[in-house]
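Computed from a prediction, not measured in an experiment: that's the story for all the values here. Chain letters run A, B, ... following the sequence lines, proteins first, then strands; residues in each count from 1.
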Protein chains: 2
Amino acid sequence: MSDRPGLRERKKAKTRALIQKEALRLFREQGYAATTVEQIAEAAEVAPSTVFRYFATKEDLVIVDQFPPFVEALDQVPPEVPPIRAVRMAMRAMIEAQTPQERADSLDREVLMLTVPELWAASIDNVTGVATTLRERLAAREGRPADDPGIRNVTGAIMGVMVGVWTDWVNNRDLDAPAHLDAALAHLEAGLPLPRP
Amino acid sequence: MSDRPGLRERKKAKTRALIQKEALRLFREQGYAATTVEQIAEAAEVAPSTVFRYFATKEDLVIVDQFPPFVEALDQVPPEVPPIRAVRMAMRAMIEAQTPQERADSLDREVLMLTVPELWAASIDNVTGVATTLRERLAAREGRPADDPGIRNVTGAIMGVMVGVWTDWVNNRDLDAPAHLDAALAHLEAGLPLPRP
DNA sequence: TATCTTTTGAGAGTCTACTCTCAAAAGCAT
DNA sequence: ATGCTTTTGAGAGTAGACTCTCAAAAGATA
């Protein structure tokens, strides 16, 4: 009854990964809209219909739900830690848990998502889902109702600051994104002071 | 040489407005994706090709650039006012300058944009444009470079808080959006305190 | 009214994501 | 090897956004 995946399963996983890899490469090289599913199929050496068997829509080739690990990390931060600091810590923990390869891949994918409007659209459910979950968790931590405006504002500000860092990073890939993210959250935590010269 | 618009021009404007009005109605009633351009044409009693003559894409039926008035309002706030407060004041000024009808219409359109992923995508250029402009103006006000991380964080937080209010409002249209927006910015201005029970 | 210009409708045509069907191929179990 | 199940490829088909063309309609001009 040992069920280590059989050849069939392994092959499926391989095909799936290959299709996605080729798709991302083509998207990067010629743009998302300019790449047809047919081209992807050809690059991955499968039939177009096979592509759709693995990914229901073209957009699904890019979208990944990266959130669960973050929530886990957040849940491990002791509840007396205030919200923004908790998010900061969870963020760090998550990033440190990734291998450099994983980190590079996920950042890569994020660039695509932030850069291509269609993808940003397709992932919006994801993003609002993240915001909602984050809000619920933070509310729970603080012993407040989920619809508390204060919690909503904190969550919004966190998301906004993160998007700010991302976009900066998209425009300048040399930036150390994790470090900037941490610094930005620290700044937010301090109440966003802007000392005048 | 007086050129008050002739009949032709007036008719064009009317047709354009009618098409857009019918489109928005249909989008509201049956959803964006479920509404075909053919239906819009039929509702507006024009040929489908006419719809495309007025609006290059289906998305263009919804998208409007609402930002310039806000920038103007912001520029009128004296430079010694700190950024978040300045935004707050500009926001208020802008809202108060609208007629109730205009206000209702623009809020209506915003719901659509926030609700329908395709539209959110189509307007993303607009949104990032807003963020960029806002960032530049705030940087100028504070006498800092446009790429200052502190300014980026403030801008991001402002945008994030605003989106938070919008989404709350989408889920509960009875909310007094302008009031909530103002309160949220005030909260942000105060450094997002969350006193524990 | 007669002529010139602009706008419109009709409709055929393109492109591409996505669906469906069915038979061939490939892994699987005995 | 033999039959059973799953996966695949081939290919035809649909839908809907968007394009193009051309002749008819309508506004402008004199």
Quick test of your reading of the model: are B/R92 and B/E96 salt-bridged, counting only N-O distances below 4.0 Å?
no
Within this structure, what is the CD1-to-P distance between B/I40 and D/dA17, rounded to whole angstrom?
8 Å
Looking at A/F52, is A/K58 sitting on its ring face, NZ or CZ under 6.0 Å from the six-membered ring centre and within 45 degrees of the normal?
no
Looking only at the side chain of A/K58 (C-beta and beyond, no hydrogens), which of the listed nucleotides C/dG27, C/dC18, D/dT8 gets closest?
C/dC18
About how many Å separate CG of A/N171 and CH2 of A/W166, when rounded to the nearest 0.5 Å?
15.0 Å
When pairs are called at under 3.5 Å and a stem needs at least three consecutive Watson-Crick or G-U pairs, the stems of DNA chain D are C:1-30 with D:1-30
Can you list, in residue-number order, the parts of residues 42-56 of chain A that come under 4.0 Å of DNA chain C, counting heavy atoms only?
A/S49, A/F52
If we only count heavy atoms from C-beta on, is the B/M162 to B/V165 side-chain gap below 4.5 Å?
no
Grab the CG-C1' distance between A/L7 and D/dT5 for me, whole Å please.
14 Å
Fellow cluster residues of B/L7, listed by chain then number, with links counted only when side-chain atoms sit under 4.5 Å apart
none
For B/E59 and for B/R8, find the nucleotide of DNA chain D with the closest heavy atom, then tell me which residue's nucleotide is more 5'.
B/E59
Give me the other members of the hydrophobic cluster that B/L18 sits in, counting Ile, Leu, Val, Met, Phe, Trp and Tyr linked by side-chain heavy atoms under 4.5 Å, directly or via other members.
none
Measure CD/B/Q39 against P/D/dA15 and give the value in whole Å, please.
13 Å
If I take atom NZ in residue A/K14 and atom P in nucleotide D/dT8, what distance separates them, rounded to the nearest angstrom?
13 Å
Over how many whole Å does the gap from B/E9 atom CD to D/dA28 atom C1' extend?
12 Å
If I take atom CG in residue A/L61 and atom P in nucleotide C/dT16, what distance separates them, rounded to the nearest angstrom?
17 Å
Atom NZ of A/K12 and atom P of C/dA26: how far apart are they, to the nearest Å?
17 Å
Enumerate donor-acceptor pairs with a distance under 3.5 Å from any side-chain N or O in residues 79-86 of chain A to protein atoms, sequence neighbours excluded.
from  : atom 1 : to     : atom 2 : distance (Å)
A/R85 : NE     : A/E189 : OE2    : 2.7
A/R85 : NH2    : A/E189 : OE2    : 3.4

Does any residue of residues 30-37 of chain A have a heavy atom under 4.0 Å from DNA chain C, and if so, which ones, in number order?
A/T35, A/T36, A/V37
